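Since we're looking at a predicted model, the values are computed, not measured.
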Amino acid sequence: MYYKFSGFTQKLTGSAPTAAYSPQGLRPGVPAEAPPMIFASPTKLVSEAGTVADYIGPNRVPDLQKLFQIPDGVPIHLKRGVPDRLLYRTTMALTIGGTLYCLVALYFAAQPNNK
């Protein structure tokens with residue numbers, strides 16, 4: 001016997017094989033016409049766009065590759081100077097501070113209540 005979900009009773013009911021193999025929520029086929037465009041702004045073809053898009057800016061990857069490949073003994077995460085050092089030290093300070101805070105919280109949680 002074949003079963004299908006009844007939308008009226010919200011239970012499984014007996015049905016014919018053809019009804020069981022075509023679920024209620026699915027419609028067979030493809031729509032006859034394309035859906036309307038949501039955004040009606042014209043698009044540029046690749047040939048019209050030129051070599052560099054206006055909003056991207058210049059390509060800085062080759063310059064950064066040269067900077068990061070200099071063999072000067074500085075770790076890669078500190079190669080760009082002061083901003084990298086500041087970010088690294090702030091991250092380390094927050095990590096150590098968070099660890100100490102967790103240890104103090106665990107210490108206070110382990111103490112019995114004085115009642």
Point to revise | Any Leu86 side-chain heavy atom under 4.5 Å of Pro83 side chain | key: no

Answer yes if Leu78 and Val82 sit in the same cluster of Ile, Leu, Val, Met, Phe, Trp and Tyr residues linked by side chain heavy atoms under 4.5 Å apart, and no otherwise.
no

Taken in chain and number order and not counting sequence neighbours, the residues that satisfy side chain to side chain donor-acceptor pair (under 3.5 Å) with Thr95 are none

Interatomic distance, CD@Gln65 vs CD1@Ile70, rounded to 0.5 Å, equals 12.5 Å

Here the ring-ring contact (aromatic ring centres under 6.0 Å, His included) pairs for residues 73-94, sequence neighbours left out, are His77-Tyr88

For residues 78-101, the salt bridge (charged side-chain N to carboxylate O under 4.0 Å, His left out) pairs (sequence neighbours left out) are Asp72-Lys79

Applied to residues 93-115, the ring-ring contact (aromatic ring centres under 6.0 Å, His included) test, sequence neighbours excluded, yields none

Residues passing the ring-ring contact (aromatic ring centres under 6.0 Å, His included) test with Phe68, sequence neighbours excluded, are none

Salt bridge (charged side-chain N to carboxylate O under 4.0 Å, His left out) filter on Asp63, not counting sequence neighbours, yields none

